[in-house]
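Reading through the structure tokens given below for one structure.
Proteins come first, then strands; the chains are lettered A, B, ... in the order of their sequence lines, and each starts at number 1.
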Amino acid sequence: MTDFITPSSQLKTRKSAEKRFQWYGRGAIIASLVFLVVMVGSILYKGSGAFTTTDVAIVVDLGPEAVDPANPQDARFEKIVKDALKARFPEATKRADRRKLYGLVSNDAGFELERFVLANPDKLGGEVRVWFRASDDFDILLKGTVDRTVDESERRLSDQEIGWIDTLLADGDVKRGFNWSFFTNGDSREPELAGILSALVGSALTLLVCFCFSFPVGILAAIYLEEFAPKNRFSDIIEVNINNLAAVPSIVFGLLGLSMLLNTFGMPRSSPLVGGLVLSLMTLPTIIIAARASLRAVPPSIREAALGMGASPVQATFHHVAPLALPGIMTGTIVGMAQALGETAPLLMIGMVAFIVDVPQSILEPATALPVQIFLWADAPERAFLEKTSAAIIVLLLFLITMNLLAIVLRRRFEKRF
Amino acid sequence: MANSDSATIDLVHSQRKKGYELFVMGVLILCSLVAVAVTVGIVLSLLFEAFRFFERIPLTEFLFGTQWSPQTALRADQVAAEGAFGAVPLITGTLLISFIAMCVATPLGLLSAIYLSEYASKRSRNLIKPALEILAGIPTVVYGFFAALTVAPLLRAGGESVGLDVSSESALAAGLVMGMMIIPLISSLSDDVINAVPQAMRDASLGMGATHSETIRKVVLPSAVPGIAGSLLLAASRAIGETMIVVMAAGLAANLTANPLEAVTTITAQIVALLTGDQEFDSAKTLSAFALGLVLFVTTLVLNVVALRIVRKYQEQYD
Amino acid sequence: MSKTAIISAKDVDVFYGEKQALNKINLDIPENKVTSLIGPSGCGKSTFLRSINRMNDLVDICRVEGSITIKGQDIYAPEVDVVALRAKVGMVFQKPNPFPKSIYENVAYGPKIHGLAKSKTDMDELVEWSLIKAGLWKEVKDRLDQPGTGLSGGQQQRLCIARTIAVKPQVVLMDEPCSALDPIATAIIEELIDELRNNFTIVIVTHSMQQAARVSQRTAFFHLGELVESGATKSIFTSPEDERTQNYIMGRIG
């Protein structure tokens, strides 16, 4: 007689093989998720610093000697700042020391002072305490990324510089605050001044162009293929085409943009117009596929109802079917736009990889985009750009998360119960 | 009231504006032709520019040459003294990095898919699946940044501690991170494929006293093999065409090597290097990017077409 | 062709691809009467109904041969506009399928696309007339702006009838209009059909022989793609000529 209750030793091995197999699966999932958490976590950790910034107060001489009240804009602001620094730390006499001293504040300190003076003409005539943006090395020291115990020759800041900074700190001449300029400045060679505004506007313009082209074309193409296209070779070709287009590497679209849009049609290089068009060709298959799926989900009874009372096929589609499919189409479009927002490679091909300080004013001006800005900063040698890069990634991810959440909410909200 | 008294009714003339409807139809057809136009545009522009390249550099040198250095003339007898355009190191570099990526992504993606479709409860499935999809939604430039500034230094430090010389732009770093990127692609495609295996086949195996894992390995997976193969091909095509990770983490050194610890370069990284920065449009250097683009396009297209065929055949089998 | 026939089908064959669904159908349908088409599932009665307003055109592989005329005009003639045809030959479907719009918009849609109302007041009157005719006015007159999908199944079907008659067609085709409804809703619709025949010619496909007997004056019995016999409802049910009709009525084919 066979015993059903006590397991044989063979069965035990099989049972443990079963357990092992399940753990392989769990392990794979855990490994993937751990990677995700580590990657995002490390970027959050590195980037969080960029959202705060350091300012330093210096007493500058704005007397009539330095600034002529009649023509304040003609003053030599950079010199005034340097003189003020020299006055604050008179012990720096050697040229090399002086240069280090000037390096405590940002290279743009002269412009900052100019802006301050022009905005506050009433402050002219004597000594005034003005806040300047501290340099990136200064900032990084305060954030604790520089190890003071390392041998002086191996760190970017000398003992002397650290001494000055400590003095300023002790005197209450240093303040830290939220780094608004990260969102209000364009790119800069100086990490402490570099911001993402020009890249954000560039991305927005590019996406706008992308949306204006790919959304209508995508919907209409989907409507044709789903509602009207006869079942023949021609439709098959279009269908296969779209599926293959969805898997073409993004950089190839960049090559298309370079050779067709720039060199053949002579569109302006580096412009959001070209960038947007290239990205729209890339997102088109995504939108078409999503739109077809949601058109297919509209029950045929709606079509029949409209046709049965004498609506023409075009009327039935545009009055009844398309409006019902719209939420689904929107969801697919947002997902496609999110892809486009994160895309970098094709934009490199059409020259949206320039150093852009000013905010682009139109879709024809040279611009860059947020992911390209990330790519450019990731290559910059200054240590402070590492945290800027991470911060820009955080902003990019926030945008992507928002868009995807929007898509999910839209889907939940309008999910039709047919 | 509803009936007209006329003996006949008008079936010929309706209120709709036929011209307008024809116009709408025309617009609809035009829009769906955009997709075809894009493909034609890609093929034409790649072919045209590549053809101009092959007028200067013979096709055989491009396909079989082992020296890639477009910037400088290496030998005096070089055509037009413009540099060497042997694509072999780029192709091997691309294959090496893609191979590493597939080695990472295949087991992780496949095992995740098996666990999700066969073992996970509905609840945890609804949580884990979107979490894995996040990996697919993160822009590749972010992966590139992570590979270049976190993974590569870690590998280098790790290599040093065991006495290995790891290049700071190693194929391994780029391949590992790329592998992570394509996990969700493999897992979600394979998940669909595994789910398509009819429950009756599982029941038959379980009914004979096989354990769940035996059923999966001996019954479910074998019948899902074609679909899984299709999904792996799609993932490989994605890896070959991936640009930002390799641009940022793999570097530009055209080494002909199979050592994952050394720096290699890829087709996509070279295209970016050739076309960013100053360029004269007619130089062989610039045109070579289009020849590389053509190689890339044809390779990925063939992989996709084959993969889609396999997947479709597989689906028909169970429909 | 009898003098009172509004629709007359001659040698109608319908094919789905290679498969023949209807074989040489000859049938006259009299004006302002209710004609019911009965027969077992798959006998072709719905196919025939759908050829009368060319809903079959929507099926790519469907082919219709022979002729169907309405008031003497061949509806498959090349110059016929299907849209104009369907405005004259309305259809009510098996499952109530109101548009996911307001009750008012559901009824107003047809007149709007066919340009039947010149002003808002015209439209309001037309909507009211249609809803009254469909016996729904009292129930919905205070909530015309609410979605039609919020009504009960029977009300939805009456809304669909109102929507169809708002276009003032000559013929109303009904494809098993009560099969998705409970007995009470069914009774209301049957009464409605009886009233509607004063204004419209009605052709109804039904599964239930009792229903055919209750609502129709003429009955046609289909079997395996053929029209077995047709005639006054009373005579079909009391003294069928064909043995197959007899068997069906006795419940032997089903």
Which atoms of [X] are under 4.5 Å from chain A, going by heavy atoms: the side chain, the backbone, both sets, or neither?
| X | value |
| --- | --- |
| B:Val247 | side chain |
| B:Ile114 | side chain |
| B:Val36 | both |
| B:Arg238 | neither |
| B:Val27 | side chain |
| B:Leu149 | both |
| B:Leu110 | neither |

Without swapping roles, check the side chain of [X] against the backbone of [Y] for a donor-acceptor pair under 3.5 Å.
| X | Y | value |
| --- | --- | --- |
| A:Asn243 | A:Ala246 | no |
| B:Thr243 | B:Gly241 | yes |
| B:Thr150 | B:Ala147 | no |

Could you tell me whether the side chain of [Y] reaches within less than 4.5 Å of the side chain of [X], counting heavy atoms only?
| X | Y | value |
| --- | --- | --- |
| B:Thr268 | A:Pro249 | no |
| A:Leu386 | B:Phe145 | yes |
| A:Pro371 | A:Glu343 | no |
| A:Phe253 | A:Leu245 | yes |
| B:Phe48 | B:Leu44 | no |
| B:Leu108 | A:Phe35 | no |
| A:Val335 | A:Asn404 | yes |

Could you have a look at [options] and say which one has the most heavy-atom pairs with chain B under 4.5 angstrom?
| options | result |
| --- | --- |
| A:Thr389, A:Ile374, A:Leu396, A:Leu284 | A:Thr389 |
| A:Ile219, A:Ile288, A:Thr344 | A:Thr344 |
| A:Arg14, A:Lys15, A:Gln339 | A:Arg14 |
| A:Thr264, A:Leu281, A:Leu225 | A:Leu281 |
| A:Ile238, A:Leu255, A:Val240, A:Leu33 | A:Leu255 |
| A:Glu227, A:Met39, A:Arg20 | A:Met39 |

I'd like to know whether the aromatic ring centres of A:Phe21 and B:His212 sit less than 6.0 Å apart in this structure.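 Ring-ring flag for A:Phe21/B:His212: false, centres at least 6.0 Å apart.
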Is it the side chain or the backbone of [X] that comes within 4.5 Å of chain B heavy atoms, both, or neither?
| X | answer |
| --- | --- |
| A:Lys19 | neither |
| A:Leu397 | side chain |
| A:Val372 | neither |
| A:Ser390 | both |
| A:Ile43 | side chain |
| A:Ser32 | both |
| A:Leu36 | both |

List the atom pairs, with distances to 0.1 Å, where a side-chain N or O of residues 345-353 of chain A and a protein N or O form a donor-acceptor pair under 3.5 Å, not counting sequence neighbours.
none

Donor-acceptor contacts, no H, no angles, side chain residues 23-30 of chain A, under 3.5 Å, sequence neighbours left out:
residue, atom, partner, partner atom, Å
A:Arg26, NE, B:Tyr115, OH, 2.9
A:Arg26, NH2, A:Gln22, OE1, 3.1
A:Arg26, NH2, B:Tyr115, OH, 3.4

Of the listed residues (B:Ile183, B:Ile29, B:Thr140, B:Val24), which shares the most heavy-atom pairs with chain A below a 4.5 Å separation?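 With the most close heavy-atom pairs to chain A, the winner is B:Ile29.
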Positions in residues 124-138 of chain B that reach chain A, provided some heavy atom is under 4.5 Å away: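 If one takes a 4.5 Å heavy-atom cut-off, the residues of residues 124-138 of chain B near chain A are B:Ile128, B:Ala131, B:Leu132, B:Ile134, B:Leu135, B:Gly137, B:Ile138.
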Which side-chain N or O atoms in residues 293-311 of chain B pair as donor and acceptor under 3.5 Å with protein atoms at least two apart or in another chain?
residue, atom, partner, partner atom, Å
B:Thr299, OG1, B:Val295, O, 2.5
B:Thr300, OG1, B:Leu296, O, 2.9
B:Thr300, OG1, B:Phe297, O, 3.1
B:Asn304, OD1, B:Ser237, OG, 3.3
B:Asn304, ND2, A:Ala247, O, 3.4
B:Asn304, ND2, B:Thr300, O, 3.0

Distance from A:Ile237 atom CD1 to A:Ile242 atom CD1, nearest 0.5 Å?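 The distance works out to 12.0 Å.
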Looking at B:Met248 and A:Ala378, what are the two nearest heavy atoms and their distance?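 Heavy atoms of B:Met248 and A:Ala378 come nearest at CE-CB, 3.6 Å.
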